[in-house]
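Encoded as structure tokens, the structure appears first; notes follow it.
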Protein chains: 2
Amino acid sequence: MEERSAREEPAGAGSPELRLWVRLLRCAKIGEKQLRRNFEDQFDTTLPRFDVMAALHREPDGMSMGRLSKALLVSNGNVTSIVRQLHTQGLVLSQPDPQDGRSAIVSLTEEGERQFKQLAEAHHRWIADIFRDVPPARIDQLVDGLGEVRRLLGDKT
Amino acid sequence: MEERSAREEPAGAGSPELRLWVRLLRCAKIGEKQLRRNFEDQFDTTLPRFDVMAALHREPDGMSMGRLSKALLVSNGNVTSIVRQLHTQGLVLSQPDPQDGRSAIVSLTEEGERQFKQLAEAHHRWIADIFRDVPPARIDQLVDGLGEVRRLLGDKT
DNA sequence: TCATTTTGCTTTAGGCCTAAAGCAAAATGA
DNA sequence: TCATTTTGCTTTAGGCCTAAAGCAAAATGA
């Protein structure tokens with residue numbers, strides 16, 4: 001009852017663009033898995049918490065929940081719960097926005113800043129270790145390639 | 001109290017390998033977001049369920065839960081719950097493994113196969129649409145680049 | 001002014017995901 | 001043979017994540 005030949009192509013990995021996407025996703029998944037484990041084992045924290053801290057570190061004056069949510073590409077509700085945990089741990093500070101009574105400005109506390117630096121250093125070390133044998137010029141090539149993909153995906157940043 | 005100059009580098013986006021990784025993760029996140037929404041809106045399903053179905057489609061004779069979990073890079077417990085849902089929907093069949101009483105062989109039902117084909121076709125269309133303006137040679141280049149990254153990440157496939 | 005709409009955020013229900021504990025079958029080895 | 005260990009899977013607790021509902025403040029506009 002086959003339609004054309006004895007063996008149909010999987011039709012999945014067949015097309016180049018599909019292979020590109022599948023491979024991209026797989027790289028992200030493998031890398032995330034390693035990072036999650038490292039953050040958990042060595043610092044008892046998570047990648048999403050690190051992401052929030054990294055975003056706040058870039059804005060010493062703090063950010064609203066909404067801006068945080070847009071920067072990280074996650075929902076408002078999600079930011080609410082991650083920030084709450086960081087707050088419980090004393091790593092972030094939440095101050096009412098003088099301009100807008102609905103909003104609060106979140107920023108890293110000194111302790112948060114201190115911890116972030118340690119996390120960021122380890123994070124960089126882990127990543128650098130993965131690419132240690134790749135020539136810088138090749139890395140830049142890959143960065144450019146992903147820049148192109150990001151543009152095609154319509155990143156709004 | 002700065003150590004070297006008036007303005008320290010963010011040290012984040014600074015190094016090429018970190019930019020590579022951040023960009024990779026961001027591409028994956030943006031793309032996943034779009035796919036998740038498409039699967040939800042148009043087929044009332046999810047990317048993880050599609051992934052399981054795709055893996056089963058590739059193995060017409062079925063796979064054990066363990067193999068499924070390794071193929072998808074997720075935990076056993078996670079596969080248990082996703083397969084249970086597909087089973088509830090009548091999309092997969094679970095048969096005791098004659099060789100091993102602890103294990104069961106999961107496979108797509110006819111209905112599962114039928115639905116998968118529709119999902120796969122739409123999935124391919126969405127991806128192809130993203131890369132429609134990219135010359136095939138360029139796509140292959142990007143595929144190769146990600147193949148290199150995947151190897152560096154130590155993919156066991 | 002002030003009713004209506006919009007906006008920023010939180011809560012809730014529910015799916016995805018993991019690590020760890022637990023269970024039963026299979027494998028091991030004395 | 002049979003106690004012990006290993007293996008395949010499920011369950012549980014708990015974090016991440018979203019969409020949708022809900023709330024209150026801000027913005028709008030007649």
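Note that these values count all heavy atoms, side chains included, but never hydrogens, waters or copies made by symmetry. Throughout, protein chains are lettered first and strands after them, A, B, ... in sequence-line order, and every chain is numbered starting at 1.
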**Message:** Taking the side chain as everything from C-beta on, heavy atoms only, tell me whether A/Arg132 gets closer than 4.5 Å to B/Leu152.
**Reply:** no
**Message:** Tell me which nucleotide, if any, is Watson-Crick or G-U wobble paired with D/dT28 when both distances must be under 3.5 Å.
**Reply:** C/dA3
**Complete:** From the candidates C/dA25, C/dT6, C/dT11, the one with an atom nearest any side-chain atom of A/Arg102 is C/dT6
**Fill in**
B/Arg84 has its side chain closest, among C/dT11, D/dT11, D/dC17, to D/dT11
**Asked** Is the closest side-chain heavy-atom distance between A/His123 and A/Phe39 below 4.5 Å?
**Response** yes
**Prompt:** Any side-chain heavy-atom pair from A/Ser94 and A/Val106 closer than 4.5 angstrom?
**Reply:** yes
**Asked** Can you check the A/His87 NE2 to C/dT10 C1' distance for me, whole Å?
**Response** 15 Å
**Message:** Could you tell me how far apart B/Gln99 (CD) and D/dT7 (P) are, to the nearest whole angstrom?
**Reply:** 18 Å
**Message:** Does any part of the side chain of B/Leu86, heavy atoms only, come nearer than 4.5 Å to the side chain of B/Gln89, both counted from C-beta?
**Reply:** yes
**Asked** Starting at the 5' end of DNA chain C, which residue's closest nucleotide do you reach first, A/Ala104 or A/Glu40?
**Response** A/Ala104
**Request:** State which of C/dG8, D/dC17, D/dG8 makes the closest approach to the side chain of A/Ser103.
**Result:** C/dG8
**Item:** N/O (side chain, A/Lys33) to phosphate O (OP1/OP2, C/dC17) under 4.0 Å
**Value:** no
**Message:** Please report the distance, rounded to the nearest Å, between CG in A/Leu35 and C1' in C/dT18.
**Reply:** 15 Å
**Request:** With the side chain counted from C-beta on, respond yes when B/Ser103 and B/Ser64 share a heavy-atom pair under 4.5 Å apart, and no when they do not.
**Result:** yes
**Message:** Does a side-chain N or O of A/Ser64 approach OP1 or OP2 of C/dG8 to a distance below 4.0 Å, or not?
**Reply:** no
**Among C/dC9, D/dC16, C/dC16, the one nearest A/Ile82 by side-chain distance** = D/dC16
**Any B/Ile139 side-chain heavy atom under 4.5 Å of A/Arg19 side chain** = no
**Request:** Provide, to the nearest angstrom, the distance between the CG atom belonging to A/Leu68 and the C1' atom belonging to C/dC9.
**Result:** 13 Å
**Message:** Taking pairing as Watson-Crick or G-U wobble with both contacts under 3.5 Å, can you name the mate of C/dT11, or confirm there isn't one?
**Reply:** D/dA20
**Message:** Strictly below 4.0 Å: does A/Gln85 bring a side-chain N or O up to OP1 or OP2 of D/dC16?
**Reply:** yes
**Request:** For A/Pro98 and for B/Asp100, locate the closest nucleotide of DNA chain D by heavy-atom distance; then report the residue assigned to the nucleotide nearer the 5' terminus.
**Result:** B/Asp100
**Asked** Can you check the A/Leu47 CG to C/dC16 C1' distance for me, whole Å?
**Response** 16 Å
**Asked** To the nearest Å, how far apart are A/Gln95 CD and C/dG8 P?
**Response** 20 Å
**Prompt:** At under 4.0 Å between heavy atoms, what does B/Ser69 touch on the DNA or RNA strands: base, sugar-phosphate, or nothing?
**Reply:** nothing
**Request:** Write down the distance between CD1 (B/Ile30) and C1' (D/dT18), rounded to a whole number of angstrom.
**Result:** 17 Å
**Item:** Pair B/Glu148 + A/Arg138: basic N to acidic O under 4.0 Å
**Value:** yes
**Message:** Once you apply a heavy-atom cut-off of 4.0 Å, does B/Arg67 come out as touching a base, just sugar-phosphate, or nothing?
**Reply:** nothing
**Message:** Please compare A/Met65 and A/Lys29 by the position of their nearest nucleotide in DNA chain C and report the one closer to 5'.
**Reply:** A/Met65
**Item:** CZ/A/Arg114: more than 12 non-hydrogen atoms of other groups inside 6.0 Å
**Value:** yes
**Request:** Please list, by residue number, the residues of residues 70-81 of chain B whose heavy atoms come closer than 4.0 Å to an atom of DNA chain C; answer none if no residue qualifies.
**Result:** B/Leu73, B/Val74, B/Ser75, B/Asn78
**Asked** CG of A/Asp41 versus C1' of C/dA20: gap in Å, rounded?
**Response** 14 Å
**Prompt:** Quick one: is C/dG15 close enough that its OP1 or OP2 comes under 4.0 Å of any side-chain N or O from B/Arg36?
**Reply:** no
